[in-house]
Amino acid sequence: MSDTTGASYAAAGVDIGAGDRAVELMKEWVKKTRRPEVLGGIGGFAGLFDASALKNYERPLLASATDGVGTKVDIARQLGVYDSIGHDLVAMVMDDIVVCGAEPLFMTDYICVGKVHPERVAAIVKGIAEGCVLAGCALVGGETAEHPGLLGEDDFDVAGAGTGVVEADRVLGADRIRSGDAVIAMASSGLHSNGYSLVRHVLLNQGGLALDAHLDGLGRTLGEELLEPTKIYSLDCLALLRTTEVHAFSHVTGGGLAANLARVIPDGLHAVVDRSTWAPGAIFDLVGRTGRVERLELEKTLNMGVGMIAIVPEESTDVALATLADRGVDAWVAGEITDRAHHETGAALVGDYAG
């Protein structure tokens with residue numbers, strides 16, 4: 001009989017016990033996202049959502065989306081801050097879903113780590129749960145995977161998928177937009193969760209800036225600025241739908257404001273957005289100056305201070321702005337929809353930024 005110790009999962013780097021502890025730590029946060037349609041708790045093989053509530057719809061359409069938060073996770077890793085990145089994940093998924101007019105229903109997450117540190121995993125889930133509360137959806141389940149050898153001990157990544165519902169005859173989009181509609185911009189909370197490969201390269205590699213540096217104009221450390229959670233607009237957009245007529249939304253993510261706005265503009269029409277109606281935050285100027293990044297490159301990579309767009313009839317503008325102001329959302333009329341000339345694309349930014 002051999003005295004050598006056989007191979008084990010733990011010896012290969014996977015700690016099942018740590019995973020179990022992480023699940024116990026996250027349970028209290030998942031409970032905070034519970035909606036009445038959710039059945040059971042976490043720990044099963046699948047999350048259950050009672051779809052009988054959809055019987056109240058004439059023709060319910062399910063909307064789905066999936067996303068991650070990109071290389072922003074590396075900033076969280078470097079700073080050892082894990083409880084805000086989940087807000088970004090929920091925003092990336094649920095604010096895509098609300099664009100078509102759908103109410104967010106539920107979400108699942110996937111967390112991949114090099115080594116399970118239960119408190120870290122629980123902190124990530126805490127952020128996701130808090131984000132779900134802000135979006136009005138339930139967190140019905142998820143998965144934590146440990147990948148030793150592929151990821152470093154402190155490395156991690158997150159992804160998520162969500163589902164919403166909208167009445168078929170209330171789906172928003174290009175077919176509703178008319179010439180003369182107003183383009184309402186909603187301010188971003190900062191960089192949100194796009195363009196971090198450029199931002200990290202410019203500020204940390206080229207510029208040699210430290211994450212704990214206090215820089216003029218930011219009012220906090222660079223790391224705190226870069227980790228500012230993505231604003232979640234889901235409930236604000238739904239509030240607009242309850243109070244006034246909305247023709248379309250556009251979530252400003254990868255590709256920038258003009259490219260994302262163009263996705264909802266129909267053939268024959270053109271969205272004109274006037275840069276002079278707002279001043280991008282200091283972080284956008286910092287990236288541009290430090291890396292000598294041309295304005296066009298910045299605008300097709302970063303949100304430049306606008307995280308969500310609502311396109312409404314001109315006569316709905318005052319009610320829309322008042323609704324958003326009541327909810328604490330900084331919003332303004334940034335442009336209009338016009339007939340498209342032969343040389344024009346779906347959307348364009350004109351003029352120069354304020355300030």
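Below 30°, between 30° and 60°, or above 60°: for Trp278 and Trp332 the angle between ring planes is between 30° and 60°, a tilted geometry.
Partners of Asp274 by side-chain hydrogen bond (donor to acceptor under 3.5 Å, both in side chains), not counting sequence neighbours, listed by chain and number: Ser276. The side-chain contact (heavy atoms from CB on, under 4.5 Å) check on His87 picks up Glu130, Leu134, Pro229, with sequence neighbours excluded. Applying the side-chain contact (heavy atoms from CB on, under 4.5 Å) criterion to Asp181, with sequence neighbours excluded, gives Ile177, Arg178, His247, Ile311, Pro313, Ile337. Partners of Glu153 under the side-chain hydrogen bond (donor to acceptor under 3.5 Å, both in side chains) rule, at least two apart in sequence or in another chain, do not exist in this structure. Residues meeting the side-chain hydrogen bond (donor to acceptor under 3.5 Å, both in side chains) test with Arg327, sequence neighbours left out: Asp236.
A salt bridge links Arg220 to Glu228: at least one charged side-chain nitrogen sits closer than 4.0 Å to a carboxylate oxygen. For Glu297 and Arg292, the salt-bridge test fails: no basic side-chain N is under 4.0 Å from an acidic carboxylate O.
Contacts classified as ring-ring contact (aromatic ring centres under 6.0 Å, His included) and involving residues 152-177 (residues at least two apart or in different chains) are given here: Tyr82-Phe156.
Taking the centre and axis of the six-membered ring of Tyr57, the NZ or CZ atom of Lys55 falls outside the cone set by 45° and 6.0 Å.
Here the rule is side chain to side chain donor-acceptor pair (under 3.5 Å) with Ser193, and of Asp88, Asp67, Asn303 only Asp88 fits it.
At least one donor-acceptor pair closer than 3.5 Å links the side chain of Lys72 to the backbone N or O of His192.
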